[in-house]
Amino acid sequence: MTEMTIRQAGPADADAIYEIEKLCFPDPWSRDAIRQELSENPRAFYVVAEIEGEIVGYAGLWWIIDEGHITNVAVKPGFRNRRIGSAIIETMLEHTGQQGIRHYTLEVRESNISARALYEKYGFAVEGIRKGYYQVGHEDALIMWKHAAGPEENENR
Ligand SMILES: CC(C)(COP(=O)(O)OP(=O)(O)OC[C@H]1O[C@@H](n2cnc3c(N)ncnc32)[C@H](O)[C@@H]1OP(=O)(O)O)[C@@H](O)C(=O)NCCC(=O)NCCS
């Protein structure tokens with residue numbers, strides 16, 4: 001079986017992440033924006049999935065006090081439905097949860113069934129809608145949240 005590694009991303013991964021962005025999104029982040037995220041944004045945390053030296057997926061998050069705002073999750077088209085997205089999300093939640101993040105949020109296109117299923121699998125639920133959030137396609141975004149279980153759940157909310 002082919003071995004997959006999930007590791008924290010660094011500035012050297014910017015080009016590979018940009019290539020995945022272009023393959024996966026109609027409105028990709030620019031190469032410069034990704035470089036900046038990886039080298040200059042102290043609140044950004046990115047992970048990549050690597051198979052035989054090829055980066056096949058990634059996810060990013062902004063760390064805001066005890067909240068993780070997930071910026072993007074993407075897996076290269078030829079590598080989907082092999083639980084790579086699941087492994088990326090699991091690693092990200094595990095690592096940042098250990099570091100103190102208790103609530104996670106993200107926006108997802110209403111029509112993005114596979115991404116919604118992935119997030120729901122990890123305990124995210126829809127809590128709101130941003131009307132017309134996506135310029136390409138004029139589509140609404142669903143706002144999903146995941147709250148840590150435990151006595152402090154929803155504290156100060
Ligand atoms: C969303 C995405 C990251 C999922 O990656 P993936 O590696 O294919 O995901 P997984 O194989 O780990 O599947 C995770 C779960 O999603 C669900 N799922 C995946 N593909 C699905 C599909 N086509 N339809 C319905 N559910 C699907 C399943 O519940 C699956 O869990 P299971 O296999 O345990 O049943 C991938 O489809 C992608 O890159 N899409 C384009 C970019 C994107 O839209 N990103 C999200 C932006 S918010």
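Whatever order the structure lists ligands and atoms in, that order sets their numbers, starting from 1. Values below: all heavy atoms of this structure, side chains included; hydrogens, waters and symmetry mates excluded.
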Decide whether E37 and W62 meet the rule of one side-chain donor and one side-chain acceptor closer than 3.5 Å.
yes

Please produce the table of protein N or O atoms sitting under 3.5 Å from N or O atoms belonging to ligand 1, one pair a line, distance to 0.1 Å.
| from | atom 1 | to | atom 2 | distance (Å) |
| --- | --- | --- | --- | --- |
| ligand 1 | 7 (O) | G85 | N | 2.7 |
| ligand 1 | 8 (O) | N81 | N | 2.8 |
| ligand 1 | 11 (O) | R82 | N | 3.4 |
| ligand 1 | 11 (O) | R83 | N | 2.8 |
| ligand 1 | 12 (O) | S86 | N | 2.8 |
| ligand 1 | 12 (O) | S86 | OG | 2.6 |
| ligand 1 | 20 (N) | N81 | OD1 | 2.9 |
| ligand 1 | 31 (O) | K121 | NZ | 3.4 |
| ligand 1 | 33 (O) | R83 | NE | 2.9 |
| ligand 1 | 33 (O) | R83 | NH2 | 3.1 |
| ligand 1 | 34 (O) | R83 | NE | 3.1 |
| ligand 1 | 34 (O) | R83 | NH2 | 3.3 |
| ligand 1 | 34 (O) | K121 | NZ | 2.7 |
| ligand 1 | 39 (O) | V75 | N | 2.7 |
| ligand 1 | 39 (O) | V75 | O | 3.3 |
| ligand 1 | 39 (O) | R80 | NE | 3.4 |
| ligand 1 | 44 (O) | N112 | ND2 | 2.6 |
| ligand 1 | 45 (N) | V73 | O | 2.7 |

Do Y133 and E107 have side-chain N/O donor and acceptor atoms under 3.5 Å apart?
yes

Verify whether one side chain among S111 and E139 offers a donor that lies under 3.5 Å from an acceptor in the other.
yes

E40 atom CD, over 12 foreign heavy atoms within 6.0 Å
yes

Residues clustering with I113 (ILVMFWY side chains joined when closer than 4.5 Å, directly or via others)
none

Give me the atom names and distance for the closest heavy-atom approach of I20 to Y58.
CG2-CE2, 3.9 Å

